Amino acid sequence: QVQLVESGGGLVQAGGSLRLSCAASERTFSGVAKGWFRQAPGKEREFVAGINWSGTSTYYAESVKGRFTISRDNAKNTVYLQMNSLKPEDTAVYYCAARARSQAGSEGYEYPYWGQGTQVTVFS
């Protein structure tokens with residue numbers, strides 16, 4: 001059973017930055033696509049960013065494009081989400097997800113493996 005553990009969430013002022021990390025328990029999982037999703041209170045879970053197995057292709061939701069950057073270090077079994085110019089509307093629980101495909105997807109149902117989530121709160 002693959003386990004994903006997120007870290008790096010916290011409280012930050014608008015305009016600030018945070019970097020989220022997601023560590024995978026299985027070394028064999030380094031060759032699969034990863035994604036970040038988020039869910040704000042009272043809202044549906046939404047796609048934030050995705051990255052293919054090699055890290056050569058990345059995908060972003062329009063709302064975060066230009067502000068967030070997804071990357072991965074397969075040697076460390078870790079995927080990152082660098083979040084800059086944060087806004088109060090970025091406040092949510094952020095989840096890391098993984099799928100046994102080379103390419104990332106943008107729908108939650110495409111990912112069978114999920115982390116427990118990390119809270120990001122942006123205040124103005």
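All of these numbers come straight from a predicted model, not from anything done at the bench. Below, each value reflects all heavy atoms present in this structure, side chains not excepted, and no hydrogens, waters or symmetry copies.
- Judged purely by atom type and a 3.5 angstrom limit, Glu46 has no side-chain atom pairing as donor or acceptor with the backbone of Arg38.
- Of the candidates Ile51, Asp73, Asn74, Val79 forms a side-chain contact (heavy atoms from CB on, under 4.5 Å) with just one, namely Ile51.
- Contact annotation: the side chain of Met83 approaches that of Leu20 to within less than 4.5 Å [non-hydrogen atoms, C-beta and beyond].
- You'll find the side chain of Cys96 reaches within 4.5 Å of the side chain of Trp36, heavy atoms only.
- For the pair Pro112 and Ala98, the tightest heavy-atom approach, listed with the atom from each and the gap, is CD-O, 3.3 Å.
- Atom CD of Glu89 is surrounded by more than 12 heavy atoms from other residues, nucleotides or ligands within 6.0 Å.
- A donor-acceptor pair under 3.5 Å is absent between the side-chain atoms of Gln116 and the main chain of Val5, judged by distance alone.
- Considering all non-hydrogen atoms of both residues, Ala40 and Ala92 come closest at N-CB, 3.8 Å.
- Both Tyr60 and Leu86 are assigned to one and the same hydrophobic cluster, defined by single-linkage of ILVMFWY side chains at heavy-atom distances under 4.5 Å.
- Using a 30° and 60° split on the angle between ring planes, Tyr94 and Phe68 fall in the tilted class, from 30° to 60°.
- In terms of heavy-atom proximity, Ser102 sits nearest to Ala33 at O-CB, 3.9 Å.
- Taking 4.5 Å as the limit, some side-chain heavy atom of Thr91 sits within range of a side-chain heavy atom of Gln119.
- For the atom pair CD (Glu110) and CD (Gln103), the distance works out to 11.5 Å, reported to the nearest 0.5 Å.
- Following chains of ILVMFWY side-chain contacts shorter than 4.5 Å, one can reach Val64 starting from Val122, so the two form part of one hydrophobic cluster.
- In this structure, CG in Asp90 is found 10.0 Å from CG in Leu18, a value given to the nearest 0.5 Å.
- Distance check: Tyr111 OH to Lys34 NZ gives 10.5 Å after rounding to the nearest 0.5 Å.
- If you take CG on Leu81 and CZ on Phe37, they are separated by 12.0 Å, rounding to the nearest 0.5 Å.
- Of the possible polar contacts, none joining the Arg72 side chain to the Gly55 backbone as a donor-acceptor pair under 3.5 Å is found.
- In summary, the side chains of Asn84 and Ser17 do present a donor paired with an acceptor at a separation below 3.5 Å, with no hydrogens or angles considered.
- In this structure, Val48 is a member of the same hydrophobic cluster as Val12, with clusters built from ILVMFWY side-chain heavy atoms closer than 4.5 Å.
- Counting heavy atoms from C-beta outward, Lys76 and Ser21 have side chains that stay 4.5 Å or more apart.
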Exercise for the section: Show the numbers, then the answer: is there a ring pair (Phe, Tyr, Trp, His ring centres under 6.0 Å) between Tyr59 and Phe47? Expected result: CA-CA 10 Å; Tyr59 316 88; Phe47 171 78; 7.6 Å; no
